[in-house]
Number of protein chains: 2
Amino acid sequence: MLQIERRHLIMKYIEENKSATVEELAKNFDVSTMTIRRDLQYLEDNNLIVRTHGGAILNTKLDIEIPLKEKRVRNKEEKKRIAQYAVSLVKDGQTILLDAGTTTMEIAKRLKDKKDLTIVTSDVFIAGYLARNHKFRVFCTGGHVQNMVGACIGPGTSEFLRNINVDISFIGTSSIDLEKGITTPTFEKADVKKQMIKAAGKSVLVTDSSKFGITKFAKICDLEDFDLIITDNKLPASILKELEKLEINIKLV
Amino acid sequence: MLQIERRHLIMKYIEENKSATVEELAKNFDVSTMTIRRDLQYLEDNNLIVRTHGGAILNTKLDIEIPLKEKRVRNKEEKKRIAQYAVSLVKDGQTILLDAGTTTMEIAKRLKDKKDLTIVTSDVFIAGYLARNHKFRVFCTGGHVQNMVGACIGPGTSEFLRNINVDISFIGTSSIDLEKGITTPTFEKADVKKQMIKAAGKSVLVTDSSKFGITKFAKICDLEDFDLIITDNKLPASILKELEKLEINIKLV
DNA sequence: TGATATAATCAAACATATTGAAACATAAAC
DNA sequence: GTTTATGTTTCAATATGTTTGATTATATCA
């Protein structure tokens, strides 16, 4: 049987049964599970199905919207704890700013018990999530949307941020160093984050401990420019000691 | 049975019975109580149920927040055909603008075979979809994000649009009338759409035929301000005749 | 045709996810 | 308060997924 033929039949099968397991397909078509997986991968790439652990289901939106798949994120547990603490700093009625990223998305997910918030974000996924799930006033900065990441950057983004003031900014980073400060690969991104700090009465850096000791091209600011740094308890004691020596306000969770 | 299937079925069960105990679910699905607990945890994380001692109940808050049933897109088939035709107008390398809405989302979903597009949108869901699925240059206008809808509106949005030029704008509407033109409930939204038309070398209105004869508060423009109107073939012959008399460029699909 | 490149497939090694059982913690019931 | 039921955490076992390299089939071109 031709590959394309098999893929069509798999699709037909899933359409009829709404779902299928890898095992059952491998048996039906008498090929290895590996081949089935590749077929399913292909069908998913074309938005026809959604792959899940053990098989796949139809891509049609079901009555209830359950996220079918969570993007694999590293240090997920750490990020959740960081987010949990970050949320405790937010008071009802405040205006907050959420940088783009997975950690800040975790913050967004934990805001549901707050009341009357105004939330600004540069992340289109966060904006979408909040618009769908909450009753807050939500603003998206707009700008050039980075593929996969969903982060808005560029002059438009910076301009938007120059015109607002918020109570707290939650900024994420993937490179933080005691000496070199917070850095990022491009000037554009650096500028956006600079504006985020400027716009805020209080700036909080949220980053898991694996990001310490990394430096990138464009500098955003120094560690002491943040009112607080939240990270996880896997931070090496040596770094922690240095931070305390520098009188950086840090919270380990 | 796939995990995701079980979770859907548990959700369905709770929806029907308003509640369920861990024990009863474990027995029904023939898995351990531990697994059921994890499933319930997952569903709670997604705001679908509320966990209680011994089981879970439906998240009643959901009844209000879920326009999902209502949102189950009306005239879906028509919208798909309209989108299909709209996509045929787009050439590789062009810059296009997609208004917020379900019809324009259908357009976004059909762009994947195009090459080297630059896409601007005021819809955070469309921006997110494109960022996740394609390799295009994607821009989001930013602004006040409307709950549930995901559309950006407000001065920030209009300002962004004032600074760009695109080859084609695809505009959606929920109210179109031969005499009163295209209208919308608020001035803010009207202004955004006006800017979208201004920014475009060519403006295309995409709307299913059920929207004809409806008028709202704020006027956007007249029908003749569009270079083309794409709608479906359910449009009453009387209206079609009028349109032709007015020399409106219309395409029925 | 024969030689070479390309694609599809499989199997094995390794990585990750899911599950259930046991130990421990907490809440409800009496 | 004590008891009982339920929930949580942790760990090990199993199931599933991914990556890699070898093998075979298919396509391409001199």
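Letters A, B, ... mirror the listed sequences (proteins, then strands); counts begin at 1. All values reported here derive from a predicted model rather than from experimental measurement.
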**Report entry** Sorted by number, the residues of residues 21-37 of chain A with heavy-atom contact under 4.0 Å to DNA chain C
**Finding:** A/V31, A/S32, A/M34, A/T35
Query raised in the report: To the nearest angstrom, how far is B/R6 atom CZ from D/dA15 atom P?
Result: 15 Å
Query raised in the report: Under 4.0 Å between a side-chain N or O of B/R51 and OP1 or OP2 of D/dT8?
Result: yes
Query raised in the report: Is a side-chain N or O of B/T21 found less than 3.5 angstrom from the main chain of B/E24, in a donor-acceptor match?
Result: yes
**Report entry** Interatomic distance, A/L40 CG vs D/dG17 C1' [rounded to whole Å]
**Finding:** 12 Å
**Report entry** Interatomic distance, B/M1 CE vs C/dT19 P [rounded to whole Å]
**Finding:** 11 Å
Query - From B/I119, B/V166, B/V120, residue fulfilling side chain to side chain contact (heavy atoms under 4.5 Å, CB included) relative to B/I96 - result: B/I119
Report task. Indicate whether OP1 or OP2 belonging to D/dT9 is found under 4.0 Å from a side-chain N or O atom of B/R38. Result -> no
Query raised in the report: Just to confirm, is there a sub-4.0 Å distance from OP1 or OP2 of C/dT18 to any side-chain nitrogen or oxygen of B/R7?
Result: no
Query - Closest heavy-atom pair and its distance - A/H144, B/V138 - result: ND1-O, 3.3 Å
Query raised in the report: With sequence neighbours excluded, what pairs up with A/T183 under the side-chain hydrogen bond (donor to acceptor under 3.5 Å, both in side chains) test?
Result: none
Requested in this report: Nearest whole angstrom, please: distance from the C1' of C/dT19 to the CD of B/Q41.
Outcome: 16 Å
Report summary line: Whole-Å distance, A/I4 CD1 to C/dT9 C1', equals 17 Å
Query raised in the report: For D/dA25, does either OP1 or OP2 sit under 4.0 Å from a side-chain N or O belonging to A/Q3?
Result: no
Report summary line: Atom NE2 of B/H53 and atom P of D/dT6 are separated, to the nearest Å, by 7 Å
Query raised in the report: Strictly by modelled atom types, are A/S175 and A/K211 linked by a side-chain donor-acceptor pair under 3.5 Å?
Result: no
Requested in this report: Give the rounded distance in Å between these two atoms: OH of A/Y42 and P of C/dT9.
Outcome: 13 Å
**Report entry** NZ or CZ of B/R132 within 45° of A/F125 ring axis and under 6.0 Å
**Finding:** yes
